[in-house]
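Working notes for the structure below.
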Amino acid sequence: MPRPLHAIIHPDAMQRNLARARSCAPGARIWAVVKANAYGHGLERGMRGFAQADGLGLIETENALRLRELGWVKPILLLEGIFDAADIPLLAEHNINSTVHCIEQVKLLEYTSLYRPIDVHLKMNTGMNRLGFRPDEFRAAYARLRAIPGIRNITLMTHFANSDELEHPRLAIAEQVRRFREGADGLPGERSLSNSGGVLHQAALLSGATGEVQCDWVRPGIMLYGGTPGGRPAREYGLLPTMTLKSEIIGIQQLQAGDSVGYGSRFQAPGPMTVGVVACGYADGYPRHAEHGTPVLVDGVRTSLVGRVSMDMMTVDLSPIPNARVGSKVTLWGDGLPIDEVAQAAGTIGYELMCALAPRVRVAEGRVGSD
Ligand SMILES: Cc1ncc(COP(=O)(O)O)c(C=O)c1O
């Protein structure tokens, strides 16, 4: 018998969330972001789940090639561009669109003769201060790229630092959009600005505070996987969970007042209580730093983590589920228990939980809400 822990990926929810992204950003084409193994869902599943996207965005050239091998014929975008000159011929051969975010990448393209034209995304740093040319350097970078004979379309892009936080961000979307418009003013080419947060607030982005901004492409990631970058719960945006992590109770302990649980004896029973041992630990990707009180479902009833998460197991309070037994079904996150809620209680974000799903966890596919 296999260990009861398994993840269920919901392809129907992936399709639904993509449709939701489309309805938030009408008229824009969608790069579905499938980096980090499709946020832990598996690259091939990401490709199938987002078959209706206009393109797929990820990080590594080798994974772009894998998408081609798997039969993806639509555009592919390398979100950080190339890491080595040896990748440039692959861009041309396999029709892969590369981000260009620094002068070193421009130079690599200048020194390589392209035997087939390629499309690029030129990235502006509008305040994220990770990748991209400053607004005052952008025009010069554009001109150098434009002068390279093998470069065909240049899409102008930027990335938002606080798209989840419209109320009181340290750096507002409106300010990043203003810098982008100033730096890109008059330059020809399509525009790509929004990640999930931007897409979810596209209506505000396109009018109101920011003024009209051209958005030919959007680049949602987390919303396609049923999470949000922050702010309101995913279901309020009409998003469905795409990954459910399930397990079972494999042991039960009756505690007396003062008994402690697990490594470090961090939890002490305030009175007589029953705890269940769940087959899931940090070696499966469940966060070790999850605090006492992090929500868990046992037989569909909400309860919480007690004690420290260990490598292969964790312990939960069975007080609200008196009929729980060895074999009772446990949901760690997903269908019925939003991943963002678990992440918040554990002091992290849904992105990290999804991406950290360990290779040893069995993965199946099923419809959301099917059990
Ligand atoms: C350049 C770029 N675009 C889009 C995304 C998708 O972001 P999100 O998952 O918040 O939608 C990312 C992810 O970090 C990114 O780096």
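For ligands, and for the atoms within them, numbers begin at 1 and follow the listed sequence. Just so it is clear, the structure is predicted and the values come from calculations on it, not from any experiment.
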Closest to atom 7 (O) of ligand 1 among Thr228, Asn195, Leu200, Thr158 (heavy-atom distance): Asn195

Check: Glu182 main-chain N/O paired with Asp185 side-chain donor or acceptor under 3.5 Å: no

Heavy-atom donor-acceptor pair, Gln254 side chain to Pro272 backbone, under 3.5 Å: no

Which residue and heavy atom of the protein sit nearest atom 10 (O) of ligand 1, plus the separation: Tyr351 OH, 2.6 Å

Nearest-neighbour protein heavy atom for atom 6 (C) of ligand 1, which is reported as residue plus atom name and distance: Arg219 O, 3.4 Å

Residue part near ligand 1, for Lys35, under 4.0 Å between non-hydrogen atoms: side chain

Residue part near ligand 1, for His159, under 4.0 Å between non-hydrogen atoms: side chain

Salt-bridge present (Arg66, Glu62; N to O < 4.0 Å): no

Short N-O contact, Asp340 and Arg232, less than 4.0 angstrom: no

Any N or O of Pro229 closer than 3.5 Å to N or O of ligand 1: no

Test of proximity, Leu79 against ligand 1: N or O pairs below 3.5 Å: no

Whether over 12 other heavy atoms sit under 6.0 Å from Glu60 CD: yes

Residues, nucleotides or ligands: over 12 heavy atoms within 6.0 Å of Lys329 NZ: no

Which atoms of ligand 1 are found less than 4.0 Å from any heavy atom of [X]?
{"X": "Ser196", "answer": "8 (P), 11 (O)"}
{"X": "Tyr39", "answer": "6 (C), 7 (O), 8 (P), 9 (O), 13 (C)"}
{"X": "Pro220", "answer": "11 (O)"}
{"X": "Arg130", "answer": "16 (O)"}

Close approach of Trp31 to ligand 1, heavy atoms, under 4.0 angstrom: no

Aromatic centroids of Tyr225 and His41 separated by under 6.0 Å: yes

Residues which pass ring pair (Phe, Tyr, Trp, His ring centres under 6.0 Å) with Phe138, listed by chain and number, not counting sequence neighbours: none

